[in-house]
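The structure appears right after this line, and notes come after that.
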Amino acid sequence: MSDAPASKPERPNPFEAVPIEVTVSVGRARPLIRDLLTMGENAVLTLDKRVEDPVDLYVGDQLVARGLLEEMEGDNAGQLAVRLTEISDFQNGLG
């Protein structure tokens, strides 16, 4: 017989099945109100980032990761996705 305590089977964490909403920020714009008021359909609002720049991922107002925008291929062709390049460790921030 062994004196080692019997290990209990690990119970799944119920929070792992709770969905959360992740917001992807691709850029910001700072137009004047008068310019916004005159915009119509097909107007273009220029952002402060380029297509190849990293995007920020937020849960609530907490920055949790950064990544690059990609376009899916195959069955999901045309669908946007984010390839994560940096993930916050929540102790020391990003990077």
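Numbers here simply count residues along the sequence, with the first being 1.
- Residues Ala29 and Leu47 come closest through the heavy atom pair CB-CD2, 4.1 Å.
- In terms of heavy-atom proximity, Ser88 sits nearest to Leu63 at CB-O, 4.0 Å.
- The cluster map of Ile, Leu, Val, Met, Phe, Trp and Tyr, joined by side-chain heavy atoms under 4.5 Å apart, puts Ile87 and Val24 in the same cluster.
- Identified under the side-chain hydrogen bond (donor to acceptor under 3.5 Å, both in side chains) test for residues 17-31, with sequence neighbours left out: none.
- Other residues, nucleotides and ligands place no more than 12 heavy atoms under 6.0 Å from the CD1 atom of Ile33.
- The side-chain hydrogen bond (donor to acceptor under 3.5 Å, both in side chains) contacts involving residues 35-54 comprise Arg50-Glu52, where partners must be two or more places apart or lie in separate chains.
- Hydrophobic clustering (ILVMFWY, side-chain heavy atoms < 4.5 Å, transitive): Val64 and Phe15 are in distinct clusters.
- The CG atom of Leu57 sits 12.5 Å away from atom CD of Gln62, with the distance rounded to the nearest 0.5 Å.
- Both Val26 and Val59 are part of a single hydrophobic cluster, where members link through side-chain heavy atoms under 4.5 Å apart.
- Closest approach of Gly78 to Glu71, counting heavy atoms only: CA-OE2, 3.3 Å.
- Residues Val51 and Leu45 fall into different hydrophobic clusters, defined by Ile, Leu, Val, Met, Phe, Trp and Tyr side chains chained together at heavy-atom separations under 4.5 Å.
- There is a path of hydrophobic side-chain contacts, each under 4.5 Å, that joins Val22 to Leu69.
- Looking at heavy atoms from C-beta onward, Leu68 lies out of side-chain contact with Val55 at the 4.5 angstrom threshold.
- Arg83 is linked by a side-chain hydrogen bond (donor to acceptor under 3.5 Å, both in side chains) to Glu70, counting only residues two or more places apart in sequence or in another chain.
- The neighbour count for Met39 CE, taken as heavy atoms of other residues, nucleotides or ligands under 6.0 Å away, is above 12.
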